[in-house]
Amino acid sequence: MRTVSLRAVSVAAFALIAACSDDVASTAPLNPSDAVSADASTDRRIYVQKDRLANPLVSEVMVVKRLHDKYNFGIPTTDVGWTDHLTGFVNGVAGRSPAYASTIAGALLPDMLLTYPKRDGKPVFWLSWVFGGYGGRSLPDDVVDIGLGAIFGTLLGNTNNVTPGLTTDNVSANDSPFRSTFPYLAAAH
């Protein structure tokens with residue numbers, strides 16, 4: 001038990017250090033920082049993408065911090081270029097096999113949320129068609145715990161090199177109830 005706890009703490013510390021690297025020299029130039037700007041000639045707003053969170057753990061966990069903006073300004077058609085980042089994290093940080101790391105990367109890239117209205121209602125299917133569904137998720141699905149369970153746990157049936165202490169963010173539900181009508185999200189607070 002002590003070995004598992006020490007291993008979990010070590011993996012978490014390594015992941016935190018790797019994700020928080022802030023090597024400015026290798027950061028690519030970014031798009032304008034304003035999320036919305038006005039075009040005076042047409043009186044229209046121009047929106048700039050800030051984050052891509054269809055699969056939340058891709059950017060937030062598996063892409064090193066210094067590359068977050070480059071990733072977030074990207075588009076799904078070029079996501080194959082991020083495969084090595086994902087497989088490197090799952091294999092190196094999580095200690096899972098290269099084949100398992102490739103499966104996880106295949107499920108999370110391209111980073112877009114596909115929907116199929118007749119999907120099975122199992123929350124794990126937001127990960128992708130790779131695991132038996134066609135994406136989509138409902139508001140109460142705990143996508144962070146599902147993702148961590150896939151990377152560090154036994155969620156997808158892989159029992160090799162599991163790190164149970166890293167399979168949850170310990171947030172069990174939204175702190176405000178969802179609405180029953182559109183826009184469904186709880187009121188801002």
_Taking every non-hydrogen atom, the tightest pair across Glu60 and His68_ = CA-CE1, 4.2 Å

*If only atom types and distance count, is the side chain of Arg179 paired as donor or acceptor with the main-chain N or O of Ala186 below 3.5 Å?*
no

*Rounded to the nearest 0.5 Å, what separation is found between the CG atom of Asn174 and the CG atom of Leu185?*
8.5 Å

*asked:* Show me the pairs that pass side chain to side chain donor-acceptor pair (under 3.5 Å) and involve residues 85-99, at least two apart or across chains.
replied: Arg96-Asn158

_Rounded to the nearest 0.5 Å, what separates atom CG in Leu108 from atom OG in Ser59?_
12.0 Å

*Can you check whether Asp145 reaches Asp169 side chain to side chain, under 4.5 Å on heavy atoms?*
yes

*Under 3.5 Å, is there a donor-acceptor pair between the side chain of Asp51 and the main chain of Leu53?*
no

*Taking Thr167 for the side chain and Thr163 for the main chain, is one N or O donor matched with an acceptor at less than 3.5 Å?*
no

_Beyond-backbone contact of Leu148 with Leu166, side-chain heavy atoms, under 4.5 angstrom_ = no

*In Å and rounded to the nearest 0.5 Å, what is the OH to OG1 distance from Tyr71 to Thr78?*
9.0 Å

*Leu86 and side chain to side chain contact (heavy atoms under 4.5 Å, CB included): which partner among Leu109, Ile151, Leu57?*
Leu109

*side-chain hydrogen bond (donor to acceptor under 3.5 Å, both in side chains) against Thr154, all qualifying residues, sequence neighbours excluded*: none

_From CE (Met112) to OG1 (Thr77), nearest 0.5 Å_ = 9.0 Å

*Close side-chain approach of Leu156 and Ile104, heavy atoms under 4.5 Å*: yes

*Using a 4.5 Å cut-off on heavy atoms from C-beta on, say whether the side chain of Met62 contacts that of Val90.*
yes

*Under 3.5 Å, is there a donor-acceptor pair linking the side chains of Asn161 and Tyr100?*
no

_side-chain hydrogen bond (donor to acceptor under 3.5 Å, both in side chains) partners of Asn160, counting only residues at least two apart_ = none

*Val58 vs Trp82 side-chain heavy atoms within contact, under 4.5 Å*: no

*Heavy-atom donor-acceptor pair, Asn55 side chain to Asp111 backbone, under 3.5 Å*: no

